[in-house]
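Hydrogens, waters and symmetry mates are skipped; everything else that's a heavy atom, side chains included, is used.
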Amino acid sequence: LNEDLVEHLGISKHHVQNLLQMTYGQSVAGTIQRRNDTETIYFELEPEYKDHISTLEKLYVKGQDGELVPLRTLATWEEQLSSPSLSRHE
């Protein structure tokens, strides 16, 4: 993540993190209330899109001025073959 550019465009790192969480996780989009029942609506990407790095090319973050900024402008990534793992970099 190019933190200088993100800051210059008025985008918080939290917004980028939320975008990735919503894209690759499962997020609550809202609820529907009926007389005796409440249903939770989830936002979740179809599995075939979660499995391809090319999905990242289609993601945008809203800038401070309301313009959509491609994620590829703010960050770089590369695909590598390895054993499944999860790591966090601060």
Side-chain angles (χ1 to χ4, degrees):
L1 187 62
N2 183 334
E3 294 183 17
D4 292 332
L5 181 58
V6 168
E7 184 177 325
H8 175 73
L9 295 173
I11 300 169
S12 75
K13 290 190 288 185
H14 182 72
H15 284 124
V16 176
Q17 182 180 13
N18 281 345
L19 172 66
L20 294 172
Q21 173 61 37
M22 286 176 46
T23 303
Y24 291 101
Q26 186 182 59
S27 300
V28 175
T31 57
I32 295 177
Q33 300 229 341
R34 296 192 177 121
R35 290 184 183 165
N36 297 324
D37 192 25
T38 301
E39 291 187 40
T40 304
I41 308 300
Y42 293 96
F43 174 86
E44 185 175 14
L45 209 58
E46 292 290 333
E48 62 265 21
Y49 295 107
K50 286 183 181 184
D51 293 340
H52 297 286
I53 196 167
S54 62
T55 299
L56 291 169
E57 295 284 335
K58 299 173 181 150
L59 299 179
Y60 291 79
V61 180
K62 190 178 286 191
Q64 188 174 21
D65 61 0
E67 293 291 319
L68 294 177
V69 179
L71 181 62
R72 67 181 174 272
T73 301
L74 306 173
T76 57
W77 54 84
E78 66 181 37
E79 188 170 17
Q80 297 180 347
L81 297 176
S82 68
S83 300
S85 66
L86 178 65
S87 60
R88 181 178 178 141
H89 301 279
E90 293 290 333

side-chain hydrogen bond (donor to acceptor under 3.5 Å, both in side chains) filter on Lys50, not counting sequence neighbours, yields Glu44
Enter the distance from Leu71:CG to Glu57:CD here, rounded to the nearest 0.5 Å.
8.5 Å
Should the heavy atoms of other residues, nucleotides or ligands under 6.0 Å from CD of Gln64 be counted, would the total exceed 12?
no
Please tell me whether His8 and Asp4 have a donor and an acceptor in their side chains that are separated by less than 3.5 angstrom.
no
Could you measure the distance from the CG atom of Leu45 to the NZ atom of Lys58? Nearest 0.5 Å is fine.
9.5 Å
Between Glu67 and Tyr60, is any pair of side-chain heavy atoms under 4.5 Å apart?
no
Please say whether more than 12 non-hydrogen atoms of neighbouring residues, nucleotides or ligands are located less than 6.0 Å from OH in Tyr24.
yes
Measure across Lys13 and Val6 and return the closest heavy-atom pair with its distance rounded to 0.1 Å.
N-CG1, 4.3 Å
For residues 27-34, dump all side-chain donor-acceptor pairs below 3.5 Å to protein atoms at least two apart in sequence or in another chain.
| from | atom 1 | to | atom 2 | distance (Å) |
| --- | --- | --- | --- | --- |
| Arg34 | NH1 | Glu39 | OE2 | 2.4 |

Exam field: side chain Thr73 to backbone Val69, donor-acceptor pair closer than 3.5 Å:
no
Check whether Phe43 and Leu19 end up in the same hydrophobic cluster, where Ile, Leu, Val, Met, Phe, Trp and Tyr are linked by side-chain heavy atoms less than 4.5 Å apart.
no
Atom CD of Glu48 and atom OG1 of Thr55: how far apart are they, to the nearest 0.5 Å?
9.0 Å
Can you tell if the side chain of Leu1 reaches within under 4.5 Å of the side chain of Val16, non-hydrogen atoms only?
yes
Distance in Å, Trp77 CH2 paired with Leu56 CG, rounded so as to fall on 0.5 Å steps
5.0 Å
Apply salt bridge (Lys or Arg N to Asp or Glu O under 4.0 Å) to Lys62 and list each qualifying residue two or more places apart in sequence or on a separate chain.
none
Quick check: do Leu74 and Asn2 have side-chain heavy atoms less than 4.5 Å from each other?
no
Could you tell me the separation between the CD atom of Glu7 and the CD atom of Glu3, rounded to the nearest 0.5 Å?
9.0 Å
Do you reckon Leu20 sits in the same ILVMFWY cluster as Met22, going by side-chain contacts under 4.5 Å, direct or chained?
no
